[in-house]
Student: 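Below is one structure. I have some questions about it.
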Amino acid sequence: PSTEATNNMIVDFSRAPDDFPVNKYTTIVKVDKSVGRYCELSVEQRGRVLNTDLKDRMWADGDDASDGRRQLEAFEFKPYETTRFEFPFRIGEKAAGEASWDILASHARIKAQEAMTARTQKHVTLLTTSGNWPSGHTSAVSAISGVTGKWDVSTTARTDIKRSLNYAIEQILKATLSAVDVGDLQLVISPELARKISVSQEIVDYLKSSPDALDWIRGKVGKNSVYGLPDSLYGIPLVVENTVKVTNKKGATKATSYVLAATTPFIVSRPGSLNGTGDSSSPRYSTCCTFMLEEMTVWSKHDQDNRNHKGRVVEDYDVRLTAPISGFLFTAACD
């Protein structure tokens, strides 16, 4: 059937890969091999002070200088191993030739969104698994000292959200010897949690006291105003991970959900741009890195023998918590 009667109107909801929030909280490191290693240095020796009067560092006149043995930073080579993923499509030659729109390009866009949704799921699964985090860098919200309840029921007097964030920042600064700049941190939450905390008394009073309060009501302040939240919360940039996945098989009753659950917000460090520089002389403090061998490659072929068009979007990568001490995972953040 022709779409000429509607002036070739096309209703499509494809999302551009660059628009996915995962790009804001991971660093992509280009690699040229499927298997490799990266070097992780410990964070102890560079801040070691055993005595407040520095008596162990004194060098008296006439004495030999210390030889520096057993005073080096420890390091460990850790592995990555990429996995190749495909998101294929197949369209008959007649359908491709008779369609009133570019059906092949349309499905390439659809598969690109599918690939990015899958990539987001892989990152979120890694970042929200408690066992992947070191001791002191994950906690149920109510188990944090001074916090009396969950975020969605916090009040101005309790300030449980602020207390939780301050605790996490303190853990990160201690663990990294303050090498991580607070400005490089990102608080990542789901739209469901955003909706719940935006109507908590703590956040309502926080915004009500702002000189931009009227603009918040009008939705004219920042990209997060649609959720009733500022772009930064208590000094930490706020990322709302709004990627949605479909969990039913084709033909079954449609079932959708957010990739990130409301109960597991997390803080990560993501300094600089999305893509790593590759400069080995510069240490990286990114909590999460994506070792990317092949990114969003679109492959297509016209199979004349079988009279169809085959296509696929291909990605080949591994996701690792390369610096987990620069982040923090909250659990049981809301009901």
Student: Contact between Glu76 and Tyr38 at the side-chain level, heavy atoms closer than 4.5 Å - yes or no?
Tutor: no
Student: Tell me every residue that passes side-chain contact (heavy atoms from CB on, under 4.5 Å) with Thr83, counting only those two or more places apart in sequence or in another chain.
Tutor: Phe85
Student: Starting from the C-alpha separation in whole Å, work towards a yes-or-no answer on side chain to side chain contact (heavy atoms under 4.5 Å, CB included) for Trp151 and Ser200.
Tutor: CA-CA 8 Å; Trp151 289 5; Ser200 68; over 6 Å; no
Student: For residues 126-145, pull every pair meeting side chain to side chain donor-acceptor pair (under 3.5 Å), keeping only residues two or more places apart or in separate chains.
Tutor: none
Student: What class does the angle between the rings of Phe89 and His107 fall in, given that below 30° is parallel, 30 to 60° is tilted and above 60° is perpendicular?
Tutor: tilted
Student: Applying side chain to side chain donor-acceptor pair (under 3.5 Å), can you list everything that pairs with Gln304, at least two apart in sequence or on another chain?
Tutor: none
Student: Check whether Asn51 reaches the backbone of Leu54 with its side chain - one donor and one acceptor, N or O, closer than 3.5 Å.
Tutor: no
Student: Answer yes or no: is there a donor N or O on one side and an acceptor on the other, between the side chain of Thr26 and the main chain of Val22, under 3.5 Å?
Tutor: no
Student: How would you list, by chain and number, every residue that makes a side-chain contact (heavy atoms from CB on, under 4.5 Å) with Asp64, sequence neighbours excluded?
Tutor: none
Student: Can a donor-acceptor pair be found, under 3.5 Å and without considering hydrogens, that links the side chain of Glu241 to the backbone of Leu260?
Tutor: no
Student: Angle class for the Phe77/Phe75 ring planes (parallel below 30°, perpendicular above 60°, tilted otherwise)?
Tutor: perpendicular
Student: Salt bridge (charged side-chain N to carboxylate O under 4.0 Å, His left out) for Lys30 and Glu295? Distances and angles first, verdict last.
Tutor: CA-CA 9 Å; Lys30 299 290 186 180; Glu295 182 177 17; 2.9 Å; yes
Student: Mind checking side-chain contact (heavy atoms from CB on, under 4.5 Å) for Glu86 and listing every partner two or more places apart, or none if nothing turns up?
Tutor: Pro88, Arg312
Student: Distance alone, cut at 3.5 Å: any donor-acceptor contact between the side chains of Ser286 and Arg270?
Tutor: no
Student: Is a donor on one side and an acceptor on the other found under 3.5 Å between the side chain of Ser326 and the backbone of Tyr285?
Tutor: yes
Student: Just wondering, do Pro79 and Val35 contact through their side chains at under 4.5 Å, heavy atoms?
Tutor: no
Student: Could you walk me through whether Thr290 and His123 pass the side chain to side chain contact (heavy atoms under 4.5 Å, CB included) check?
Tutor: CA-CA 9 Å; Thr290 307; His123 282 75; 2.7 Å; yes
Student: Let me check something: do Val204 and Val240 share a hydrophobic cluster, defined by ILVMFWY side-chain heavy atoms less than 4.5 Å apart, either directly or through other members?
Tutor: no
Student: State, yes or no, whether a side-chain contact exists between Leu238 and Leu229 at a heavy-atom distance under 4.5 Å.
Tutor: yes
Student: So, using salt bridge (Lys or Arg N to Asp or Glu O under 4.0 Å) as the criterion, who are the partners of Asp181 when residues are at least two apart?
Tutor: none
Student: Can you list the steps and then say if Asp63 with Asp61 is a side chain to side chain contact (heavy atoms under 4.5 Å, CB included)?
Tutor: CA-CA 6 Å; Asp63 289 349; Asp61 186 30; over 6 Å; no
Student: If we ignore angles and hydrogens, is there a donor and acceptor under 3.5 Å between the side chains of Glu202 and Ser154?
Tutor: yes
Student: Any ion pair linking Lys55 and Asp53 (charged N to carboxylate O, less than 4.0 Å)?
Tutor: no
Student: Among pairs that include at least one residue of residues 317-333, which meet salt bridge (Lys or Arg N to Asp or Glu O under 4.0 Å), considering only residues two or more places apart or in two chains?
Tutor: Asp318-Arg320
Student: Restricting to pairs with a member in residues 186-209, which pass ring-ring contact (aromatic ring centres under 6.0 Å, His included), not counting sequence neighbours?
Tutor: Tyr206-Tyr234
Student: Tell me whether Asp160 contacts the main-chain N or O of Gly149 through its side chain, where contact means a donor paired with an acceptor under 3.5 Å.
Tutor: yes
Student: If hydrophobic clusters are built by linking Ile, Leu, Val, Met, Phe, Trp and Tyr wherever their side-chain heavy atoms come under 4.5 Å apart, do Ile28 and Val268 end up in the same one?
Tutor: yes
Student: Do Ile236 and Ile267 come within less than 4.5 Å of each other through their side chains, counting heavy atoms only?
Tutor: yes
Student: Does a side-chain heavy-atom distance below 4.5 Å link Arg307 with Lys94?
Tutor: no
Student: Apart from Leu72 itself, what residues make up its hydrophobic cluster, given side-chain heavy atom links below 4.5 Å?
Tutor: none
Student: With a 3.5 Å cut-off and no angle check, do the side chains of Thr156 and Asp205 form a donor-acceptor pair?
Tutor: yes
Student: Tell me yes or no: between the side chains of Thr117 and Glu114, is some donor less than 3.5 Å from an acceptor?
Tutor: no
Student: Considering only heavy atoms from C-beta outward, does the side chain of Phe20 approach that of Gln113 to under 4.5 Å?
Tutor: yes
Student: Is any side-chain heavy atom of Arg195 closer than 4.5 Å to one of Tyr227?
Tutor: no
Student: Does any part of the side chain of Leu193, heavy atoms only, come nearer than 4.5 Å to the side chain of Pro265, both counted from C-beta?
Tutor: yes
Student: Just to verify, what does Val43 make a side-chain contact (heavy atoms from CB on, under 4.5 Å) with, not counting sequence neighbours?
Tutor: Arg46, Leu177, Ile325
Student: Please list, chain by chain and in numerical order, all residues satisfying salt bridge (Lys or Arg N to Asp or Glu O under 4.0 Å) with Lys150, sequence neighbours excluded.
Tutor: Asp335
Student: Locate the shortest heavy-atom distance separating Val147 from Ser164; write the atom from each residue and the value.
Tutor: CG2-OG, 3.7 Å
Student: Identify the heavy atoms of Phe291 and Thr82 that sit nearest to each other, and give their distance.
Tutor: O-CG2, 3.6 Å
Student: Can you name the salt bridge (Lys or Arg N to Asp or Glu O under 4.0 Å) partners of Lys245, sequence neighbours left out?
Tutor: none
